[in-house]
J.: 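Questions regarding the structure given below will be posed in turn.
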Amino acid sequence: MTSWGPEPLVFFFGQGRADGTSAMKDVLGGKGAGLAEMTNLGIPVPPGFTISAALCGTYLETRSFPPRLRPAVEAALGRLEAATGKVFGGGDTPLLVSVRSGAALSMPGMMETILNLGLNDASVVGLQRMSGNASFAYDSYRRFVQMYGGVVFDVPKRLFDAPLERCKREAGVTRDIDLPVAALQQLVTEYKDLIHQKTGKPFPEDPQAQLWGAVEAVFESWNTRRAQDYRKLHEIPDTMGTAVNVVAMVFGNMGEDSGTGVAFTRDPSTGARELYGEYLLNAQGEDVVSGARTPEPIAKLRDRMPEAFHDLERVTRTLERHFRDVQDLEFTIERGKLFMLQTRRGQRSGAAAVRIAVEMVDEELISEEEAIARVPPNDLNQLLHPAIDPNAPLDLLTTGLPASPGAASGAAVFDADRAEARARKGEAVILVRRETSPEDFHGMVLAKAILTARGGMTSHAAVVARGMGKPCVAGAHEMEVHETPAGFSVNGRSIQEGEWITVDGATGRVFAGQARLIPPELSGNFSRLMGWADKRRHLRVRVNADTPADAHRGRDFGAEGIGLCRTEHMFFEGERISAMREMILASDAEGRQRALAKLLPMQRTDFEGIFRAMEGFPVTIRLLDPPLHEFLPKETEEIEALARQMNKSVNEVQHTIEMLSEVNPMLGLRGCRLGIMYPEITAMQARAIFEAACTVAARKGRVQPEVMIPLVAHVVEFRKQALIVRQVAEEVFRERQLTVPYLLGTMIELPRAALTADEIAREAQFFSFGTNDLTQTTWGLSRDDAGVFLPAYLERNIVESDPFITLDVAGVGKLIAMAVTLGREARGDLKVGICGEHGGEPAAIAFCEAQKMNYVSCSPFRVPIARLAAAQAALEERGTMIRTRATV
Ligand code: ADP
Ligand code: MG
Ligand code: MG
């Protein structure tokens, strides 16, 4: 190997440097590394070799290989011949191989594989003689030509299906394995003709030519649209490239004592510790996942082939102990003997991730820290997802396989393009297909759930849905899906495109219409894991809650306070809006005060409820923030009613409304500017807050109000507003003969506030970063208008991600970091937090941890995600510290 130079291009399984370490994964790809590692562990794997992924990039640029590759591959082929006792291209004892893609990060089903390579008109005869089984030999040949034509020559795959279906019809059989030899031979000829006719090139008989064609096609498959889409979604760098694996064939299609299957070492939906999977007898390659035949559950294999099953169980245990994680396996049984063809980290649902992590701690396979690190915070979403309310009336259509948990409702759409189009318009859609294939990927990404008529628990639809954490019901075989008009019929009912359905991926049930959903149960493994996380995190996690109901939900999810209570939401409900409108349209301070007096008791009641729900945890209340015109009536009838109520003319009211309209309300009269213009509003809100605080405190309840002044740009704005709040607080405390400790702080959401954070911090006791507005004002980008061009920016790679979703660390983050430093220099005990949707986003949380913020605040459903992400960030920081120390 060393004679090839410093960087070998070809690695034989289990020899040389081939192992499963992550450095080698970059070169070998996940599949190659797994095969090498299994070989090292003494697990039965057919011999083979891997061509380095390092070649992929240059091949795609130059469409050529370095000269030293060819001899290296020839040497490896020679070794493969020696290991198998067969000859590549030999007529008597032909060596057949599979040529398989495999990148460092698994992209299931995204790239190409070719089986039975090395067959031609001569070697097929040898294969027949060797196996004594003509049907097997020609079935293999038929599959090879078909796959090669599709993958290497780009002949549309469906063109191969029509002749196959016709041959089955003519032979009077329904399964391809029942085709007579003559029909298979006929198919081989037809397929070759088809390829010749479509490409103008004859099918290559020379195995060497076949091999290099296949190797190139595998590298090419790195850049298909679906592979690119997949990488985008999973944030896999385009530069990584795929390796190519060349593996000696073992045959699952040799008869009823052979078969092929896929297995998980634990149940990927529930996490239960039992071998889970499916297999098919007398089958090869993708038969199990293609949905063409319905596979049997793996438990049945115990009776069919006890020995192979026993071996599989033993391999499972070895692999779990070795990798200390759930493995997703592919295997083939050739005449009773088991061969492993792939192992990789098993994808799992959120529920399974939690259960597996916790149980592996109990089994002493991993530590509590590892368990925390293993659950992707966003996957908790699935556990937190609603389920179908069992007490609600349901209209059951059919039941399929429970392929990926969670429940969802949406319009049934029968085509990926149409699903994409509708979903982009904001519609909830459920993608319904006979079976999905990688071409449907873009529609699956945007659908709320996926429903298929065919395929098993490991079908394409099921695997992809679980990976994305979407509900999926697969193999609902009673359903008949038709294209024109698009719809499905089932049990005498029919659903047309656009009609609403509900799917329950936890039970496999499919309902007509929109079913009532209920929140999930959070206990057991989930609460143990969260407990471990809570012990290790530094950041407090608060909830954004505007109502007592949201506050309670936040508490149930473990929130330790409210980081953002938006008071304006309280003004929209019922009769409140009319009092609010009256206040806005009043012609003088007195009129405003009259209207505010009506609002005061309502606000007070809201705050009491929220303080009680928070049981003494801090509650940050933001004073009125949005532009006033948001509250104003738009319809003529509403304006007339308001005029009557206020004893004013319609014209007068209309005039005021026009006066209040702004060209750019986002940068207009809003935030603390309102309080500056109408100090009565600030005074009323402060009174409501402190009266409520005193009422709750008087009944021995602990209360920690934190009054937050929004949209401050200049310290004097803050000073003026703070003065009013303090005065009112004093008044109320005097009246009630009671003092409630409180904090007075501001939102940092304008660049000027961040730039002058030291001045502001001398007067403000806390900062809360309003990252939505801060992003908007830092970028000079209106969130409401960005929808027009931001997608193009993403498409053209001008920005990597939507800054309103993923915190822009380089820009907005720099302002935040600066404000934290300036602020803390001015006031050592400045409390710092973040609110807005970024507060629940794991990457942003890691950023907040690095800034040593005190807390993050997010919407109720994101609270558990934030707790886990905060623990991971803390462990990561500690790990980095330990690593840094170790290298010093
Ligand atoms: P994917 O990445 O799409 O899973 P693979 O390279 O794993 O593609 O190949 C798909 C299937 O083809 C495997 O699960 C296995 O059943 C079959 N296969 C691949 N290589 C061989 C081989 N050498 N012998 C027998 N079957 C094989
Ligand atoms: Mg595979
Ligand atoms: Mg704001």
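Just so you know, residue 1 is the first one in the sequence shown, and it goes up from there. Whatever order the structure lists them in is the order used to number ligands and atoms, beginning at 1. Hydrogens, waters and symmetry mates play no part in the numbers below; they use all other heavy atoms, side chains included.
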J.: Mark up the atoms of ligand 1 that fall under 4.0 Å of a heavy atom belonging to T260, in ascending order.
T.: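 Close to T260: 16 (O).
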J.: Within the structure provided, determine whether N120 and P207 are in side-chain contact (heavy-atom separation under 4.5 Å).
T.: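 Heavy-atom side-chain distance check passes, below 4.5 Å.
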J.: What protein heavy atom is closest to atom 18 (N) of ligand 1, reported as residue, atom name and distance in Å?
T.: L115 CD2, 3.4 Å
J.: Just need the protein heavy atom nearest to atom 14 (O) of ligand 1, so name the residue and atom and give the distance.
T.: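 Checked against all protein heavy atoms, atom 14 (O) of ligand 1 sits closest to E330 OE1, 2.4 Å.
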J.: Give me the nearest non-hydrogen protein atom to atom 6 (O) of ligand 1 as residue plus atom name, then the distance to 0.1 Å.
T.: R100 NE, 2.6 Å
J.: What is the nearest protein non-hydrogen atom to atom 2 (O) of ligand 1, stated with its residue, atom name and distance?
T.: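 Sorting protein heavy atoms by distance from atom 2 (O) of ligand 1 puts K31 NZ, 2.7 Å first.
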J.: Determine the sole option in R344, R345, R266 for which the salt bridge (Lys or Arg N to Asp or Glu O under 4.0 Å) test with D325 is passed.
T.: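 Of the listed residues R344, R345, R266, the salt bridge (Lys or Arg N to Asp or Glu O under 4.0 Å) partner of D325 is R345.
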J.: Would you confirm whether the ring centroid of F136 sits within less than 6.0 angstrom of the ring centroid of F251?
T.: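 For F251 and F136, the ring centres are under 6.0 Å apart.
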J.: Return the orientation label for the F65 and F219 ring planes: parallel under 30°, perpendicular over 60°, tilted otherwise.
T.: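 The rings of F65 and F219 sit tilted, inter-plane angle from 30° to 60°.
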J.: Quick test: of every protein heavy atom, which one is nearest to atom 15 (C) of ligand 1, and how far off is it to 0.1 Å?
T.: L341 CD1, 3.7 Å
J.: From the options V262, T113, D287, V45, select the one whose nearest heavy atom is closest to atom 8 (O) of ligand 1.
T.: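 Result: the heavy atom closest to atom 8 (O) of ligand 1 is in T113.
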J.: On a heavy-atom basis, I'd like to know which of L329, V99, V250 is closest to atom 24 (N) of ligand 1.
T.: V250
J.: Anything under 30° is parallel, anything over 60° is perpendicular, the rest tilted; go ahead and classify Y138 against Y141.
T.: tilted
J.: Answer yes if the ring centres of F331 and F339 are under 6.0 angstrom apart, and no otherwise.
T.: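 No, the ring centres sit 6.0 Å or more apart.
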J.: Relative to the heavy atoms of V247, which atoms of ligand 1 are at a distance of less than 4.0 Å?
T.: 23 (N)
J.: Got T260 and E330 here, is their nearest side-chain heavy-atom distance under 4.5 Å?
T.: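 Contact flag for T260/E330 side chains = no.
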J.: With heavy-atom distances below 4.0 Å as the criterion, list the atoms of ligand 1 near A248.
T.: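 Within the 4.0 Å cut-off of A248, ligand 1 contributes 22 (C), 23 (N).
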J.: Considering non-hydrogen atoms of the protein only, which is the closest contact for atom 3 (O) of ligand 1, and what is the distance?
T.: E286 OE2, 3.5 Å
J.: Would the distance check show the side chain of W222 and the main-chain N or O of M111 forming a donor-acceptor pair, the cut-off being under 3.5 Å?
T.: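 No, because the side chain of W222 does not come within donor-acceptor range (under 3.5 Å) of the backbone of M111.
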J.: Check ligand 1 against G285 and write out every atom of the ligand that is under 4.0 Å from a heavy-atom position of the residue.
T.: 11 (C), 12 (O), 16 (O), 17 (C)
J.: For ligand 1, which atoms have a heavy atom of Q342 less than 4.0 angstrom away?
T.: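 Numbered from 1, ligand 1 contributes 4 (O), 7 (O).
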J.: Measuring only between side-chain heavy atoms, which start at C-beta, is F88 closer than 4.5 Å to Q208?
T.: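 Yes, close enough: below the 4.5 Å cut-off.
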J.: Any non-hydrogen side-chain atom of P44 less than 4.5 Å from a side-chain atom of K337?
T.: yes
J.: Restricting to N/O/S atoms, is Q342 within less than 2.8 Å of the Mg ion (ligand 2) or not?
T.: yes
J.: Among A283, S101, S98, which one puts a heavy atom closest to atom 20 (N) of ligand 1?
T.: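 Answer by nearest heavy atom: S98.
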